[in-house]
Amino acid sequence: MKIAIMGAMREEISPILEAVGEYSTVEYAGNVFYEAQYGEHQLVIAYSKIGKVFSAITASVMCEHFGVEKLLFSGVAGGISKELKIGDLVMASSLCQHDVDITAFGHPYGYIPEGSVMIDTDEGLRSLAVEVAVDMGIELYEGIIATGDQFVASAERKEWIAKTFNADALEMEGGSVACVCHNFDIPFFILRAISDSADGEAGIDFDTFLQSSAQVSAAFILEMVKRLGH
Ligand code: ADE
């Protein structure tokens, strides 16, 4: 099967590239794509750069140009839920865009006409993740992930996102990748390991824990890939 593995930052895909060992590179639409054989699967790996626009470009290219059959996102997030501590894994049940605001026209936050506030991830991939977590003895949280073009480092903004979207974690790419995959009808999965708590300490925590949390997420994604069928 041809599988996309995406991150936003180089640090988020480096552990994947190290694990696959040999790969070739292709440049397309301002991105480098790494192609590798991993067991029986062909992988297309890339980091998009930060944010909704760049991640939407990369996900679109993976779907349309590379013809991937599934897309798995690996990276880090700011934790909202008090249960989520740095290094914990959260998989998105659904995702939204917390910075979309056309409430002036009577729409709810996060809503774009002809779209929906929430987009669900693939159920089959979520079930596979639960199996992997049980076998690896890892606690895997499931929840709503809110995406926006903001690095959230304030308790007020975090609380607003929590209460408006019932969100458990936040980041800057999942919602746009979800939108692309949903529109191209490609099953997708978004996994994040917590790097910070999106509060006043978030900048420092992010820099401190980006690498270790990215590694936790990448190791889990690779285990999922190993278990995916043809
Ligand atoms: N990704 C990881 N931490 C984040 C934060 N605090 N805000 C936005 N994206 C993030």
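In listed order, ligands and their atoms are each counted from 1.
Around ligand 1 you find Val76, Ala77, Gly78, Gln150, Phe151, Val152, Leu170, Glu171, Met172, Ser195, Asp196, Ala198, Phe206, each with a heavy-atom distance below 4.0 Å.
Salt-bridge annotation for Glu123 and Arg126: absent, with no side-chain N of the basic residue lying under 4.0 Å from a carboxylate O of the acidic one. Using a cutoff of 4.0 Å between basic side-chain nitrogens and carboxylate oxygens, Glu173 and Lys49 are not scored as salt-bridged.
Between the Ser55 side chain and the Lys52 main chain, a donor and an acceptor come within less than 3.5 Å of each other.
In summary, of the residues considered (Met91, Glu83, Arg192), a side chain to side chain contact (heavy atoms under 4.5 Å, CB included) with Tyr141 occurs for Glu83 alone.
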List the steps and the verdict of ring-ring contact (aromatic ring centres under 6.0 Å, His included) for His98 and Tyr109. CA-CA 7 Å; His98 68 71; Tyr109 284 107; over 10 Å; no
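Across all their heavy atoms, Ala146 and Ile161 have their closest contact at CB-CG2, 3.6 Å.
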